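For clarity, every value in this text was computed on a predicted model and none was experimentally measured.
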Amino acid sequence: MDEESKTPAEIPLLQSSSRGSASAIQTLGNIIVSIVGTGILGLPFAFRVAGWGAGSLGVMIAGLCTYYCMRALVQCKDKLATEELVEEHKTYGDLGYKCLGTPGRCLTEFLIFISQCGGAVAYLVFIGQNLESIFNGHGLTCAEYIFLLVPIEIALSWIGSLSALAPSSIFADICNVLAMAIVLKEDVQKVMGGGFSFKDRKAFTDKIGGLPFAGGMAVFCFEGFGMTLALERSMKKKGAFSTLLAKVFTGITLVYVLFGFCGYMAYGDETKDIITLNLPRSWSAIAVQIGLCLGLVFTFPIMVHPVNEIVEDKLKKVHWFQKLHYNDNIALTRLAKVGIYLSRAILVVLLATLASCVPGFGIFASLVGSTVCALLSFVLPSAFHLKLLGPSLHPLQKTLDFCILFGGLLFAVYGTYSTVIGV
C-alpha cells in the first residue's frame, strides 16, 4: 500500500518512525542506549543484598528471559501483520487489542506508559542527585537541578525518529562506557589495595526477601522492553534484528554481571544503592558522574519515545485533531504539529515534577522492576505468544511460555510485597 492510497487515519504521525532507515550500527547504538541505564549503578547493591552467586544467576536469567520475550513479541507482530495483510507498523498495543480486545490495548499501553515514565523519572533523579553532589555548596537542590534540565529534554524530545536520535545514542553509549570503565578501575584498585577477603563476600543471602528485591533491580536493568517493536521497525534490514539483538544481549548481560560482581567485591557490606556514592572524592569520581549525567541526558528522549507514541496515537484518533492535521490549510497543519510538540513538552514537565518528589533511587528502581517491568517484559509477551502462535509452537516452547508467564506473575506479586515492606 503506497502513501497516496492510504486514508488520513492510516498515515502515521511520525513518518520516519514507521520507515526502516537505521543501519545495523545505528540500531546497535539505539538498543544499547534503550537498555543500559541507571539500573546498572544499583547492581552492586543488588549483589550485596542477594549475594554474588544469586545476583549473577539472577541477572543472567533476567537477560535470557527478556531476550526470549523480545523475540516472541516480534514474532507476534509478524504473525499479526501476515494475517491482516497490512504493511503499516504494529505496536505493542495492537498486539494487546488482537489478543484481549480493548482492555488488552488499554492494559498494555498503560504498562508501557508507567514503565517508560518510571525509567525516565529514575534518569532525572540520578542526574539531579549527581549534579547536586558535584556542585555541592552552590545552593541548588536536587529538584532545582532537575528543572534546569527541562528545556534541554524538551528540545531533545522534539526529535521525531529513532534513526535521527542515533548520533546522540552513540554519544550516550560512549559516555556510559567510559564512566563504567572508570568505576570498574576504582573497584579493581580497591580490591587489589588490600583489606579484601573473599570469605567476607556471601554467595547467597540468608534473607529470602533479598532475592526478589535484587530480582526487581535486575529486571529494571533491562528496562527498554517497550522499545522492542520501534527498534525493529526502525532497522533497514529487519531480518538481521534477532541476530543483532542476541549479540547485544549477550554482551550487556556479561557486562552487568561483571559490574555487579566487581562493585560488591570492592565494597562488601558498605556497598550503597548507587555505586558512585562509594567512590572517593576525586577527579575520576567527578568524571564518572559527569559522564553518566551526559549519557542519561541524551538517553532520556529515547526512554520517553514509546510514551510519546501512545499519546500521539490517541491524538490521531481525535476528530478535531484529524481535521487540523490532515487539512489542506498549511497554517492548520502547522498548528497540529505544534500540538504534538506541546504534548511532548508537557510530558517532560510532568516527569520532572514527579522526579522531584522521589525519595530514594534503589527502592524506586526495584519497585518499578518488580511491578510494571515484570508484567510488561515477561507476562504479556508470553501470553500474547501463546494466544497468537500457540497452535504452531513446539511443546517445549509452550512449556517455556507458561513458565515465564506464571513465574512473572509470582515475581511481580512477591517482589512488590518484598520491596514495599523493605528487605
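- Proximity of Val413 to Leu409: side-chain heavy atoms (C-beta onward) are nowhere separated by under 4.5 Å.
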query = Under the side chain to side chain contact (heavy atoms under 4.5 Å, CB included) criterion, do Leu73 and Leu95 qualify, and how do the steps go?
reply = CA-CA 9 Å; Leu73 201 65; Leu95 299 182; 3.6 Å; yes

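- The closest side-chain heavy-atom distance from Ile127 to Tyr145 is not below 4.5 Å.
- When all heavy atoms are compared, the tightest approach of Phe220 to Cys373 is CD1-SG, 4.4 Å.
- Taking 4.5 Å as the limit, some side-chain heavy atom of Gln397 sits within range of a side-chain heavy atom of Tyr68.
- The heavy-atom pair separating Ile40 from Cys221 by the smallest distance is N-SG, 3.7 Å.
- Separating the CG atom in Leu156 from the CH2 atom in Trp158 is a distance of 11.0 Å, to the nearest 0.5 Å.
- The minimum heavy-atom distance between Cys142 and Val125, with the atom names listed, is SG-O, 4.2 Å.
- Taking all atoms of both residues into account, the shortest heavy-atom contact from Val311 to Phe113 is CG2-CE1, 4.3 Å.
- Looking at Leu140 and Phe147, their side chains never come closer than 4.5 Å, going by heavy atoms from C-beta outward.
- To the nearest 0.5 angstrom, Tyr341 atom OH is 13.5 Å from Ile154 atom CD1.
- Side chain of Ser382 to main chain of Val379: a donor-acceptor pair is present (N/O by atom type, distance under 3.5 Å, no hydrogens or angles).
- Note that CD1 of Ile112 and CZ of Phe110 are 12.0 Å apart. Values are rounded to the nearest 0.5 Å.
- For Arg71, there are no salt bridge (charged side-chain N to carboxylate O under 4.0 Å, His left out) partners, not counting sequence neighbours.
- Atom CD1 of Ile134 is separated from atom CD1 of Ile290 by 4.5 Å, given to the nearest 0.5 angstrom.
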request  = Determine, stepwise, if the pair Phe384 / Leu389 fulfils side chain to side chain contact (heavy atoms under 4.5 Å, CB included).
outcome  = CA-CA 8 Å; Phe384 293 170; Leu389 288 89; over 6 Å; no

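- For Glu109, the salt bridge (charged side-chain N to carboxylate O under 4.0 Å, His left out) partners two or more places apart in sequence, or in a different chain, are Arg105, Lys314.
- Taking the ring-ring contact (aromatic ring centres under 6.0 Å, His included) definition, one finds that Phe261 meets it with Trp52, sequence neighbours left out.
- With sequence neighbours excluded, the residues forming a side chain to side chain contact (heavy atoms under 4.5 Å, CB included) with Leu254 are Thr250, listed by chain and number.
- In this structure, the side chains of Tyr67 and Phe222 stay at 4.5 Å or more apart for every pair of heavy atoms.
- Remark: the backbone N or O of Tyr267 is not paired with any side-chain donor or acceptor of Glu270 at under 3.5 angstrom.
- When every heavy atom of Val74 is checked against every heavy atom of Phe241, the shortest pair comes out as CG2-CE2, 4.1 Å.
- Leu107 meets the side chain to side chain contact (heavy atoms under 4.5 Å, CB included) test with Leu111, Leu380; sequence neighbours excluded.
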ask   = Could you go step by step and tell me if Tyr92 and Thr228 meet the side chain to side chain contact (heavy atoms under 4.5 Å, CB included) rule?
value = CA-CA 9 Å; Tyr92 206 160; Thr228 304; over 6 Å; no

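- Here CD of Gln129 is found 8.0 Å from CD1 of Ile146. Values are rounded to the nearest 0.5 Å.
- Residues Leu386 and Lys398 are in side-chain contact: their nearest non-hydrogen atoms beyond the backbone lie under 4.5 Å apart.
- Residues Phe249 and Leu64 form no side-chain contact, since every pair of their non-hydrogen atoms from C-beta on lies 4.5 Å or further apart.
- In terms of the side chain to side chain donor-acceptor pair (under 3.5 Å) criterion, Glu153 has no residue partners (sequence neighbours excluded).
- You'll find the side chain of Ile252 reaches within 4.5 Å of the side chain of Val248, heavy atoms only.
- What you find for Ser157 and Arg344 is that their closest heavy atoms are O-NH1, 2.7 Å.
- Within a 6.0 Å sphere centred on OH of Tyr97, other residues, nucleotides and ligands contribute 12 heavy atoms or fewer.
- More than 12 heavy atoms of other shown residues, nucleotides or ligands fall within 6.0 angstrom of atom NZ in Lys185.
- From Cys69, atom SG reaches atom CG of Leu376 across 10.0 Å, with rounding to the nearest 0.5 Å.
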Side chain to side chain contact (heavy atoms under 4.5 Å, CB included) assessment of Ile275 paired with Phe259 = CA-CA 10 Å; Ile275 190 62; Phe259 193 85; 3.9 Å; yes

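- In terms of modelled atom types and a separation under 3.5 Å, the side chain of Tyr256 and the main chain of Val59 share no donor-acceptor contact.
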